[in-house]
Amino acid sequence: MTAYVEIFEVGPRDGLQNEQCQISVVDKISLVNCLSRAGFRRIECASFVSPKRVPQMADSALVLDGIHRDPHVAYAALTPNMRGYRDAVQAGVDEIAVFGSASEGFSRANINATISESLDRFRPVVEAARLADIPVRGYVSCVIECPYEGRVSPDDVADVADRLFAMGCSEISLGDTIGRGTPESITQMLMAVAERIPTEKLAGHYHDTGRRALENIDASLDVGVRIFDTAIGGLGGCPFAPGSAGNVATERVVRHVESHGYVTGLDLLVIDEAAKQASGLRG
């Protein structure tokens, strides 16, 4: 059988959060509704963080309330603490995510906490979600390089990933936040993480700053990773990581992996339609 690759769409959240021009709720809902027709299993479309920190995501509850929910799609949201978790549950999310870092410098810049402090904050969120049968995804940022501290050790990445997995996260997304990864460094990092966590529980989240995201996906496929985070139209970047450009574009990744014989189950005509919408939203 042809190998299946899951494309996890993060454009409506990770993609839009860095746009400087405020995007209307109507436009966000329209984008999610379009993506819902493309065949994704999961779409990340909300973030219940402080509106002072990420103003673009302040209307996440309204977005979740307004979208047309496809029963075959799980709609996910970022939740950094118990307050965010409660707001997300009230808004009806199907999956939540907590976000840590393999770099102390980025952890402090992103969530104003050390790595250990951030994991302590996540623990009650993960426990509450598990009791409610809500899947929890764990993000690890700066798995290759940190904008504040430089090179990040693969062992440090593996340690944070392992702690999130042991806490109860069902999947770990490994983020090359500033897009400095190469096939060699990505492979080295993944091999270190795979010594502790099964590869089927790992996802690659590769920003395309260095224009090597597709090569890094190929390297990840060779290791056994079959889940990749992408953003429609290449939207995105991180507001707390200087120099980070957009995520790798969904439409490019789908065409790339399918040209290599993998199956995604996605409708490229709908994806191209969504990419046009995403292009129109850029500030």
Side-chain angles (χ1 to χ4, degrees), residues 8-35 43-67 75-93 95-101 103 105-113 117-118 121-122 125 137 139 141-142 146-148 173 175 177-179 205 207-209 229-247 249-250 274-275 277-283:
F8 187 113
E9 177 58 50
V10 301
R13 195 283 299 176
D14 194 34
L16 295 183
Q17 71 173 5
N18 205 39
E19 291 299 316
Q20 298 301 308
C21 178
Q22 187 63 38
I23 298 165
S24 73
V25 173
V26 171
D27 285 338
K28 292 175 182 177
I29 289 172
S30 177
L31 180 61
V32 175
N33 285 345
C34 185
L35 290 166
I43 300 173
E44 192 174 72
C45 55
S47 181
F48 291 90
V49 299
S50 167
K52 293 181 180 179
R53 297 278 285 172
V54 189
Q56 192 69 256
M57 294 288 105
D59 51 16
S60 287
L62 295 175
V63 172
L64 283 165
D65 184 58
I67 60 175
Y75 298 94
L78 219 58
T79 58
N81 49 41
M82 283 303 297
R83 177 177 177 178
Y85 169 75
R86 286 190 289 267
D87 290 344
V89 171
Q90 186 174 0
V93 296
E95 180 174 333
I96 66 165
V98 293
F99 48 101
S101 171
S103 155
F106 186 76
S107 183
R108 292 189 180 94
N110 191 27
I111 57 177
N112 195 29
E117 288 169 344
S118 71
R121 290 180 188 176
F122 301 152
V125 175
R137 195 175 208 236
Y139 281 101
S141 300
C142 297
C146 168
Y148 307 102
S173 175
T177 308
I178 58 175
H205 183 114
H207 285 213
D208 205 22
T209 318
D229 301 353
T230 66
I232 195 70
L235 288 170
C238 177
F240 307 107
S244 73
N247 295 281
T250 302
Q277 284 195 35
S279 178
L281 297 180
R282 287 178 180 266

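- Here the side chains of L235 and E19 are in contact, with some heavy-atom distance below 4.5 Å.
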Discussion item. Set out, in order, the CA-CA distance, both residues' side-chain angles and the distance that settles side chain to side chain contact (heavy atoms under 4.5 Å, CB included) for L64 and C45, then state yes or no.
Written reply: CA-CA 8 Å; L64 283 165; C45 55; 3.7 Å; yes

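- Side-chain contact check for S101 and S141: no donor-acceptor pair (N or O, by modelled atom type) lies under 3.5 Å.
- Across every non-hydrogen atom of T79 and V98, the tightest pair is O-CG1, 3.5 Å.
- Annotation: side chain of V54 is not in contact with side chain of S47 (no heavy-atom distance under 4.5 Å).
- At least one side-chain heavy atom of D59 sits under 4.5 Å from a side-chain heavy atom of Q22.
- Taking the side chain as every heavy atom from C-beta outward, L62 and K28 never approach each other to under 4.5 Å.
- In this structure, L31 and A278 approach most closely via the heavy-atom pair CD1-N, 4.3 Å.
- Taking 4.5 Å as the limit, every side-chain heavy atom of Y75 sits out of range of all side-chain heavy atoms of V93.
- F99 places a side-chain heavy atom less than 4.5 Å from the side chain of L78.
- Between the S107 side chain and the A113 main chain, a donor and an acceptor come within less than 3.5 Å of each other.
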Pair up each side-chain donor or acceptor in residues 80-89 with any protein partner under 3.5 Å, not counting sequence neighbours, and list the distances.
| residue | atom | partner | partner atom | Å |
| --- | --- | --- | --- | --- |
| N81 | OD1 | R83 | N | 3.3 |
| N81 | OD1 | G84 | N | 2.8 |
| Y85 | OH | A128 | O | 3.2 |

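- Nearest heavy atom pair, residue F48 against residue A91, reads CZ-CB, 3.8 Å.
- For the pair C142 and P147, the tightest heavy-atom approach, listed with the atom from each and the gap, is SG-CD, 3.9 Å.
- A donor-acceptor contact closer than 3.5 angstrom is absent between the side chains of S30 and N33.
- Residues V10 and Y139 meet the side-chain proximity criterion, which asks for heavy atoms closer than 4.5 Å.
- To the nearest 0.5 Å, atoms CD (Q17) and CD (Q56) are separated by 9.5 Å.
- The shortest heavy-atom contact between H205 and N247 is NE2-OD1, 3.0 Å.
- In this structure, the side chain of T209 engages the main chain of I178 through a donor-acceptor pair within 3.5 Å.
- At a threshold of 4.0 Å, the pair D229-R137 counts as salt-bridged, since one of the basic side-chain nitrogens sits closer than that to a carboxylate oxygen.
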Worksheet item: Does the pair R13 and L16 meet the rule for a side chain to side chain contact (heavy atoms under 4.5 Å, CB included), with working shown?
Response: CA-CA 5 Å; R13 195 283 299 176; L16 295 183; over 6 Å; no

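- Shown here for I43 and P12, the closest heavy-atom pair between the two residues is CG2-CG, 4.1 Å.
- With rounding to the nearest 0.5 Å, the separation of CD1 in I232 from CD in E9 is 5.5 Å.
- In this structure, S60 contributes its side chain and A46 its backbone to no donor-acceptor pair below 3.5 Å.
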